[in-house]
2 protein chains.
Amino acid sequence: MRRNFSTKRQAIYDMLVSRKDHPSAKQIYESLKPSYPDLSLGTVYRNISLFKQEGMADSVCTLKGEERLDGNKKPHAHLICTECGSITDVFFDRLDVIEDKGEMEGFLTERKVISFYGKCRNCR
Amino acid sequence: MRRNFSTKRQAIYDMLVSRKDHPSAKQIYESLKPSYPDLSLGTVYRNISLFKQEGMADSVCTLKGEERLDGNKKPHAHLICTECGSITDVFFDRLDVIEDKGEMEGFLTERKVISFYGKCRNCR
DNA sequence: CTCCAAATTAATAATCATTATCAATTTGCC
DNA sequence: GGCAAATTGATAATGATTATTAATTTGGAG
């Protein structure tokens with residue numbers, strides 16, 4: 001079986017896609033550490049950087065100094081709790097409502113971001 | 001004449017409100033340094049932090065490791081160039097289209113963010 | 001299966017934005 | 001002017017991210 005990704009790279013990517021809480025590099029590192037005891041934090045950063053470059057993952061926001069990531073490429077918005085740092089997906093029917101505006105002023109839109117910052121149910 | 005803000009604090013705030021390019025702390029510091037030779041970078045950070053806390057300014061995004069700020073409280077979106085870091089305001093007529101979704105799941109929305117990431121006219 | 005060059009990684013140090021500290025200065029008010 | 005509280009400058013500390021480099025892993029060829 002041919003594998004395009006190294007073991008570690010695949011594990012990091014899977015974590016990015018399967019987790020719904022939009023983890024930071026450190027959170028991914030800590031999740032994988034038990035299964036990959038020799039994993040290095042630098043490897044997590046390096047691969048995240050690669051995924052972003054390749055358009056396989058996006059930055060959601062930076063909370064408390066940590067960049068939070070998203071491996072889900074299906075268009076959606078986020079509810080971001082500034083208290084506890086939880087991030088929840090919101091799927092719109094009409095995300096396209098704001099489509100046009102990006103093309104103004106000769107700007108080439110590559111990614112559209114809609115986020116709601118506030119307090120989640122537990123923190124409000 | 002009563003002044004609520006110290007001289008430096010006022011200058012930092014004015015910079016945040018008048019500049020349309022959403023500067024980082026360092027950029028504000030460098031802009032003010034000629035007029036205030038004894039200004040300290042720590043003071044800029046300290047006051048930005050205060051303004052955010054008081055809801056007088058918001059974080060737009062983090063580009064190349066630097067948080068970019070906005071002192072304009074009028075609802076608007078941003079065109080963010082990931083190449084050169086330029087940020088342009090976009091004013092919507094119907095920013096309210098996406099209003100409802102934030103209140104889902106018991107979430108209390110305090111701030112709504114719409115951003116378009118891509119390449120500006122010069123960089124595309 | 002073995003060998004090899006290229007890709008990837010672990011470990012570590014270096015960077016760099018941001019925050020904390022604290023003594024000195026400034027501020028508003030009497 | 002004088003004083004207590006707020007603010008600041010200078011500096012050190014923190015902490016996330018990036019760079020470096022030698023060692024390891026990878027996939028393909030023989």
Side-chain angles (χ1 to χ4, degrees), chain A residues 1-16 21-54 56-71 80 82 85 87, chain B residues 1-16 21-54 56-71 80 82 85 87:
Chain A
M1 172 194 59
R2 180 189 162 97
R3 186 195 292 126
N4 293 299
F5 282 8
S6 71
T7 308
K8 306 265 179 73
R9 178 167 299 170
Q10 186 66 55
I12 294 166
Y13 181 66
D14 288 347
M15 191 64 64
L16 222 36
D21 62 341
H22 312 80
S24 66
K26 203 201 311 172
Q27 289 173 323
I28 291 173
Y29 171 73
E30 281 159 4
S31 289
L32 291 175
K33 194 66 175 173
S35 309
Y36 302 86
D38 66 340
L39 179 67
S40 171
L41 183 54
T43 295
V44 177
Y45 274 109
R46 201 182 319 112
N47 282 292
I48 285 174
S49 177
L50 175 77
F51 297 145
K52 285 202 293 181
Q53 202 173 297
E54 300 290 328
M56 302 167 66
D58 295 305
S59 172
V60 174
C61 59
T62 300
L63 286 183
K64 300 170 204 294
E66 289 184 17
E67 178 169 50
R68 303 288 292 272
L69 299 145
D70 193 346
I80 301 171
T82 53
I87 302 178
Chain B
M1 173 193 60
R2 180 192 162 94
R3 187 194 293 125
N4 292 298
F5 280 9
S6 73
T7 308
K8 307 265 177 71
R9 180 168 298 170
Q10 185 67 54
I12 294 166
Y13 181 66
D14 289 348
M15 191 65 63
L16 221 37
D21 62 340
H22 312 79
S24 66
K26 204 202 308 174
Q27 290 173 321
I28 291 173
Y29 170 76
E30 280 160 5
S31 290
L32 292 174
K33 194 67 174 171
S35 309
Y36 302 85
D38 66 339
L39 179 67
S40 171
L41 183 55
T43 295
V44 177
Y45 274 110
R46 204 181 314 116
N47 281 292
I48 284 173
S49 177
L50 176 75
F51 298 144
K52 285 201 293 180
Q53 200 172 299
E54 299 290 328
M56 302 166 65
D58 294 305
S59 172
V60 174
C61 58
T62 300
L63 285 184
K64 302 170 203 293
E66 289 184 16
E67 177 170 51
R68 303 288 291 273
L69 299 146
D70 192 345
I80 301 170
T82 52
I87 303 179

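Below, chain A is the first sequence line, B the second, and so on; all start at residue 1.
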> Nearest 0.5 angstrom please: A:I12 CD1 to A:N47 CG, how far?
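Interatomic distance, A:I12 CD1 to A:N47 CG, rounded to 0.5 Å: 4.0 Å.
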> According to a strict under-4.0 Å criterion, is B:R9 in side-chain N/O contact with OP1 or OP2 of D:dT8?
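Yes, such a contact exists.
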> A:V44 and A:A25: which non-hydrogen atoms are nearest, and at how many Å?
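Closest approach of A:V44 to A:A25: CG1-O, 3.5 Å.
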> Listing request: all salt bridge (charged side-chain N to carboxylate O under 4.0 Å, His left out) pairs with a residue in residues 25-39 of chain B, at least two apart in sequence or in separate chains.
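Output for this query lists B:K8-B:D38, B:K26-B:E66.
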> Can you figure out which of D:dT26, C:dT18, D:dT8 approaches the side chain of B:A25 most closely?
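Given the options D:dT26, C:dT18, D:dT8, the side chain of B:A25 is closest to C:dT18.
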> For B:Y45, what residues pass the ring-ring contact (aromatic ring centres under 6.0 Å, His included) criterion, not counting sequence neighbours?
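Listed in chain order: nothing, the list is empty.
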> Starting from C1' on D:dT17, measure out to CG on A:L50 and report it in whole angstrom.
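Interatomic distance, CG of A:L50 to C1' of D:dT17: 16 Å.
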> Using a cut-off of less than 4.0 Å, is there contact between a side-chain N or O of B:T7 and OP1 or OP2 of C:dT27?
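The answer is yes; a side-chain N or O of B:T7 sits under 4.0 Å from OP1 or OP2.
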> Please identify each residue that fulfils ring-ring contact (aromatic ring centres under 6.0 Å, His included) with B:Y29, with sequence neighbours left out.
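Expected list: none.
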> Could you pull out all residues at least two apart from B:R68 that satisfy side-chain hydrogen bond (donor to acceptor under 3.5 Å, both in side chains)?
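Partners of B:R68 under the side-chain hydrogen bond (donor to acceptor under 3.5 Å, both in side chains) test: none.
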> CD of B:E66 versus C1' of D:dA16: gap in Å, rounded?
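My rounded result for the distance is 14 Å.
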> What is the distance from CD of B:Q53 to C1' of C:dT19, rounded to the nearest Å?
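Between C1' of C:dT19 and CD of B:Q53: 14 Å.
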> For the pair made of NZ in A:K8 and P in D:dT26, what is the distance, rounded to whole Å?
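In whole Å, D:dT26 P lies 8 Å from A:K8 NZ.
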> Give the rounded distance in Å between these two atoms: CZ of A:F51 and P of C:dT8.
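Nearest whole value for this atom pair: 10 Å.
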> Determine to 10° how strongly the helix from C:dC1-D:dG30 to C:dC30-D:dG1 is bent, judged from the axes of its five-pair ends.
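If I round to tens, the end axes sit 30° apart.
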> Could you identify which residues of residues 32-49 of chain A place a heavy atom less than 4.0 Å from some atom of DNA chain C, listed by residue number, or say none?
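Result for residues 32-49 of chain A: A:D38, A:L39, A:S40, A:T43, A:R46, A:N47, sorted by number.
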> For B:T82, which residues count as a side-chain hydrogen bond (donor to acceptor under 3.5 Å, both in side chains) partner, sequence neighbours excluded?
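Applying side-chain hydrogen bond (donor to acceptor under 3.5 Å, both in side chains) to B:T82 gives B:K119.
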> Once you round it to whole Å, what is the distance between P of C:dT9 and OH of A:Y29?
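After rounding, the gap between these two atoms is 14 Å.
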> So, using side-chain hydrogen bond (donor to acceptor under 3.5 Å, both in side chains) as the criterion, who are the partners of B:S49 when residues are at least two apart?
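Once residues adjacent in sequence are excluded, B:S49 has no partner under the side-chain hydrogen bond (donor to acceptor under 3.5 Å, both in side chains) criterion.
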> Take the protein atom CD of B:E67 and the nucleotide atom C1' of D:dT17, then report the distance between them rounded to whole Å.
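It works out to 16 Å between those atoms.
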> Among all residues two or more places apart in sequence or in another chain, which pass the salt bridge (charged side-chain N to carboxylate O under 4.0 Å, His left out) test with B:D70?
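So B:D70 forms no salt bridge (charged side-chain N to carboxylate O under 4.0 Å, His left out) with any residue.
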> How many whole angstroms separate atom CD1 of B:I12 from atom C1' of D:dG9?
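To the nearest whole Å, that distance equals 12 Å.
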